[in-house]
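Numbered from 1 within each chain, the chains take letters A, B, ... in sequence-line order. All values reported here derive from a predicted model rather than from experimental measurement.
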Amino acid sequence: MMANGMDTVVQQNGNSALGQTSQEESKTNLIVNYLPQTMTQEEIRSLFSSIGEVESCKLIRDKLTGQSLGYGFVNYHRPEDAEKAINTLNGLRLQNKTIKVSYARPSSEAIKGANLYVSGLPKNMAQQDLENLFSPYGRIITSRILCDNMSGLSKGVGFIRFDQRVEAERAIQELNGTIPKGSTEPITVKFANNPSNNNKAIPPLAAYLTPQATRRFGGPIHHPTGRFRYIPLSPLSSTGKTMLAINKGLQSRYSPLAGDLLANSMLPGNAMNGSGWCIFVYNLAPETEENVLWQLFGPFGAVQSVKVIRDLQTNKCKGFGFVTMTNYEEAVVAIQSLNGYTLGNRVLQVSFKTNKSKAA
DNA sequence: TATCATT
């Protein structure tokens with residue numbers, strides 16, 4: 001990132017990538033939250049480039065291990081593209097996540113360390129109740145109540161992120177040890193641990209030397225197995241067919257059909273191109289845009305890129321497009337699920353790409 | 001009783 005030592009002074013600004021002063025609101029800079037763990041910076045850039053030209057894109061990673069922290073920044077050249085990205089990509093389901101796209105606040109010390117951990121909550125308290133409890137003390141950026149993955153019931157702990165640290169400090173003073181209306185137990189309110197320096201049992205030097213091994217077998221892992229369970233919600237707005245298609249795809253995840261598809265893709269001109277599996281999508285409507293392909297394929301796994309093929313004169317879709325997915329298994333499930341899926345009034349044909357771009 | 005929101 002830092003090209004040379006001359007950048008030192010500008011870097012202290014904290015907003016050097018934007019070329020703006022640190023107090024100034026940006027209409028082009030977005031923060032993207034709840035990104036899938038495996039999504040790369042280039043995949044994020046690819047996704048957001050489907051809206052408009054991206055000026056810069058940065059995935060935030062753990063300084064020691066390089067692991068994604070699940071959020072990043074996208075800065076557009078044009079404010080209208082940033083607005084369109086919020087309107088079309090906020091709430092997009094990708095793998096096991098629903099991403100959040102919003103304007104980035106200007107970076108400053110005052111907004112750091114404003115996240116609170118709350119425990120001892122009554123089990124019947126909902127997210128909105130939690131916000132109502134904390135909202136008198138400041139502007140809430142996010143709120144969350146943790147639930148048991150199997151039962152869906154509250155675990156009685158949650159998080160509140162305020163806009164300003166002073167707001168969080170005030171909330172601790174006022175609410176820690178108090179008993180919410182209708183409850184019998186006092187709640188605990190304190191600053192949340194910072195997830196990026198989670199050095200509780202990981203010797204930093206060992207983590208640096210063997211990041212993968214330490215991550216997997218060494219320190220405590222706060223990822224319950226169920227966290228990565230795929231919850232088959234509709235990627236589009238709740239048509240029954242979509243639900244059916246996805247459920248069918250998941251159930252047949254390890255079906256023998258996968259072998260046939262693999263054999264097919266290994267023919268000359270196969271779908272495997274260097275870093276991913278190229279999927280041919282046929283019978284798209286003329287007005288189809290890239291975000292449709294992201295919505296269709298994103299829930300099935302890592303999508304590297306999408307492309308709608310357009311007529312150069314009219315700029316309308318010529319009826320087909322391509323999607324490149326990283327993992328073979330996920331590509332198979334996507335194909336099995338989406339081939340034959342009715343989008344609008346059209347039945348899609350979805351297969352691995354062949355040499356002659358001919359529908360299989 | 002611990003999620004990945006400030007480069």
Between A:Thr38 and A:Gln95: side-chain donor-acceptor atoms closer than 3.5 Å: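 Yes, A:Gln95 and A:Thr38 have a side-chain donor paired with an acceptor closer than 3.5 Å.
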Any donor-acceptor pair under 3.5 Å linking the side-chain atoms of A:Asp62 with those of A:Gln67?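 Absent: no donor and acceptor within the cut-off.
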Enumerate the residues from residues 159-167 of chain A whose closest heavy atom to DNA chain B is under 4.0 Å, giving them by residue number; use none for an empty result.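 Per residue number, the list reads A:Phe159, A:Arg161.
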[X] side chain: which of [options] is closest?
X: A:Ser107; options: B:dT7, B:dC4, B:dT1; answer: B:dT7
X: A:Asn193; options: B:dT7, B:dA2, B:dT1; answer: B:dA2
X: A:Lys190; options: B:dT7, B:dC4, B:dA2; answer: B:dA2
X: A:Asn115; options: B:dC4, B:dT1, B:dT3; answer: B:dT3
X: A:Ala192; options: B:dT7, B:dC4, B:dT3; answer: B:dT3

Kindly say if [X] contacts the phosphate of [N], meaning a side-chain N or O under 4.0 Å from OP1 or OP2.
X: A:Lys97; N: B:dC4; answer: yes
X: A:Ser119; N: B:dT1; answer: no
X: A:Lys112; N: B:dT7; answer: yes
X: A:Arg144; N: B:dC4; answer: yes

Shared hydrophobic cluster, A:Val308 / A:Leu348 (ILVMFWY, side-chain heavy atoms < 4.5 Å):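 Yes; tracing contacts between hydrophobic side chains, which count when under 4.5 Å, links both residues.
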Do A:Ile172 and A:Ile140 sit in the same hydrophobic cluster, where Ile, Leu, Val, Met, Phe, Trp and Tyr count as joined when their side-chain heavy atoms come under 4.5 Å apart?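 Same cluster.
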So A:Leu146, base contact, sugar-phosphate only, or nothing? Heavy-atom distance under 4.0 Å.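 If one applies the 4.0 Å heavy-atom cut-off, A:Leu146 turns out to touch the sugar-phosphate alone, with no base involved.
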Please give, in whole Å, the distance from [N] [atom2] to [X] [atom1]?
X: A:Asn29; N: B:dT6; atom1: CG; atom2: C1'; answer: 9 Å
X: A:Ile31; N: B:dT3; atom1: CD1; atom2: C1'; answer: 14 Å
X: A:Leu130; N: B:dT3; atom1: CG; atom2: P; answer: 16 Å
X: A:Lys63; N: B:dT7; atom1: NZ; atom2: P; answer: 7 Å
X: A:Leu30; N: B:dT6; atom1: CG; atom2: P; answer: 16 Å
X: A:Asp148; N: B:dT3; atom1: CG; atom2: P; answer: 13 Å
X: A:Arg139; N: B:dT6; atom1: CZ; atom2: P; answer: 13 Å
X: A:Asn33; N: B:dT3; atom1: CG; atom2: P; answer: 15 Å

Toward the 5' end of DNA chain B, by each residue's nearest nucleotide, A:Ser102 or A:Gly156: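 Mapping each residue to its closest nucleotide by heavy atoms, the 5'-most match is A:Gly156.
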In terms of the nearest nucleotide of DNA chain B, which residue is placed more toward the 5' end: A:Ser68 or A:Val74?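 Result of the comparison: A:Ser68.
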In terms of the angle between their ring planes, are A:Phe352 and A:Tyr328 parallel, tilted or perpendicular, with boundaries placed at 30° and 60°?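 A:Phe352 and A:Tyr328: parallel rings.
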Please work out whether the ring planes of A:Tyr71 and A:Phe73 are parallel, tilted or perpendicular, with thresholds of 30° and 60°.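 The arrangement is perpendicular - the two ring planes meet at more than 60°.
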Could you check whether A:Phe280 and A:Phe320 have their ring centres less than 6.0 Å apart?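 Yes, close enough.
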If I compare all heavy atoms of A:Tyr137 with all of A:Arg170, which pair ends up nearest, and what's the gap?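 Looking at all heavy atoms of both residues, the closest pair is CD2-CG, 4.0 Å.
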